[in-house]
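Below is one structure, written out as structure tokens; comments come after it.
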Amino acid sequence: MTDKNSAIVADRVAVASREGSARFRQGTFLAFLGVLAFSGSFPATVYAMRGFDPWLVAIGRAVIAGVIALICLKAARHPLIPPRHQWRSYAAISLGVVFGFPVFSGLALDLGATTAHSAVVIGLLPAATAVCAVLRAGERPRPLFWLACTAGAIAITAFTLTRGQSTAAWPDVLLVGALVSAAIGYTEGARLSRETPGWQVISHTLVLSLPLTVPVTAVLALTTSVHPSPQALAGFAYVGLISMFLGFVPWYAGLARGGIARAGQTQLTQPLLTLAWAWFLMGERYGPATVAAALAVLVCVALTQRART
């Protein structure tokens with residue numbers, strides 16, 4: 001009888017393990033789709049700023065996405081406003097991904113940071129997200145995870161400090177503000193996505209932000225120089241539709257399904273993807289150090305994926 005019970009328990013453990021592995025693989029794939037969408041954000045932002053003010057691009061993108069989110073929620077007959085007890089989390093998401101990341105990263109690019117440099121520095125984002133996952137979501141990655149994560153962070157820090165300056169320049173300070181903002185927004189959004197579909201989480205966030213983003217965008221549109229060339233409009237459309245809305249749908253779902261800390265490490269591939277976009281779309285050139293730093297963090301992806309949370 002004991003042997004029979006033991007066999008039943010072992011079977012259940014094996015089934016649970018297989019289900020957990022499948023769930024993680026699905027989460028990782030969804031997270032990567034989000035990363036793929038986000039990887040074009042910096043080139044698109046540069047294009048948009050060739051015809052629009054950086055502040056207008058940063059805030060206006062949320063209006064484009066907010067209108068789409070409003071339509072999606074109405075079409076699906078979901079409430080436009082989330083439950084009151086979740087408002088604090090939605091405020092954190094809004095401050096992080098609706099305002100913080102777009103403003104900080106846009107200003108960094110406007111002050112002279114190249115797309116390639118910005119992409120590699122933002123490669124620290126998975127490490128920041130992992131820390132937030134520990135503090136806010138109760139996740140406990142294994143030591144191997146932290147070793148790989150730290151290695152990636154060291155590679156990017158070394159890259160930043162060897163760019164011909166002994167101290168961080170203002171663009172780098174702004175990029176750090178961008179990655180901290182995104183890490184907070186990603187973690188809170190993934191926490192909510194455990195019980196609410198990811199598309200609803202980002203939709204609620206954008207709709208709740210509309211009372212602020214709409215008037216600010218209107219004022220900026222009237223008081224700043226606007227030159228809506230086809231290239232600038234295409235870039236604006238990308239950051240509004242893809243970066244600010246569609247990319248978050250698989251991203252939040254992937255983090256919730258695969259684990260915020262572990263699935264979030266797929267974002268270590270974003271620097272390489274952005275480098276490819278910068279070269280293909282903008283003809284941007286970068287030296288061996290940039291490629292080496294990007295490859296170093298890519299190696300860390302494989303290592304973190306071997307460390308189960």
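Since this is a predicted model, take the numbers as computed values, not measurements. Heavy-atom basis, side chains included; hydrogens, waters and symmetry copies ignored.
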Do F38 and V201 belong together in a cluster built from hydrophobic side chains that touch within less than 4.5 Å?
yes
Verify the cluster assignment for F52 and M282: are they in a single hydrophobic cluster under the rule of side-chain heavy atoms below 4.5 Å apart?
yes
How close do [X] and [Y] get, counting heavy atoms only, and between which atoms?
| X | Y | result |
| --- | --- | --- |
| W87 | P82 | NE1-O, 3.0 Å |
| L111 | W170 | CD1-CB, 4.4 Å |
| T266 | F32 | OG1-N, 4.1 Å |
| G100 | S181 | CA-OG, 3.7 Å |
| L30 | G254 | CB-CA, 3.7 Å |
| G247 | P250 | O-CD, 3.4 Å |

From [X] atom [atom1] to [Y] atom [atom2], the distance as rounded to the nearest 0.5 Å:
| X | Y | atom1 | atom2 | answer |
| --- | --- | --- | --- | --- |
| T45 | L107 | OG1 | CG | 11.0 Å |
| F42 | L275 | CZ | CG | 11.0 Å |
| Y47 | T115 | OH | OG1 | 9.0 Å |
| L208 | I81 | CG | CD1 | 4.5 Å |
| T196 | H78 | OG1 | NE2 | 10.0 Å |

Between side-chain atoms of residues 57-74 and protein atoms elsewhere (two or more places apart, or another chain), which donor-acceptor pairs fall under 3.5 Å?
none

Would you please name every residue forming a ring pair (Phe, Tyr, Trp, His ring centres under 6.0 Å) with [X], sequence neighbours left out?
| X | value |
| --- | --- |
| W55 | none |
| Y252 | F248 |
| Y90 | H204 |

Could you tell me whether the side chain of T274 and the main chain of S39 form a donor-acceptor pair under 3.5 Å?
yes
Do any N or O atoms from the side chain of S203 and from the backbone of Q200 form a donor-acceptor pair under 3.5 angstrom?
no
Listed pairs under 3.5 Å, donor-acceptor, residues 118-126 side chains, sequence neighbours left out:
from: S118; atom 1: OG; to: T114; atom 2: O; distance (Å): 2.8

Check for me whether the distance between the ring centres of Y186 and W251 falls short of 6.0 Å.
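They qualify: ring centres under 6.0 Å apart.
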Is a side-chain donor-acceptor pair under 3.5 Å present for S94 with S209?
yes
For the residue pair Q86 / E188, report whether a side-chain donor-acceptor contact shorter than 3.5 Å exists.
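Absent: no donor and acceptor within the cut-off.
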Can you list every side chain to side chain donor-acceptor pair (under 3.5 Å) pair that touches residues 227-245, not counting sequence neighbours?
S41-S243, R50-Q231, S225-H227
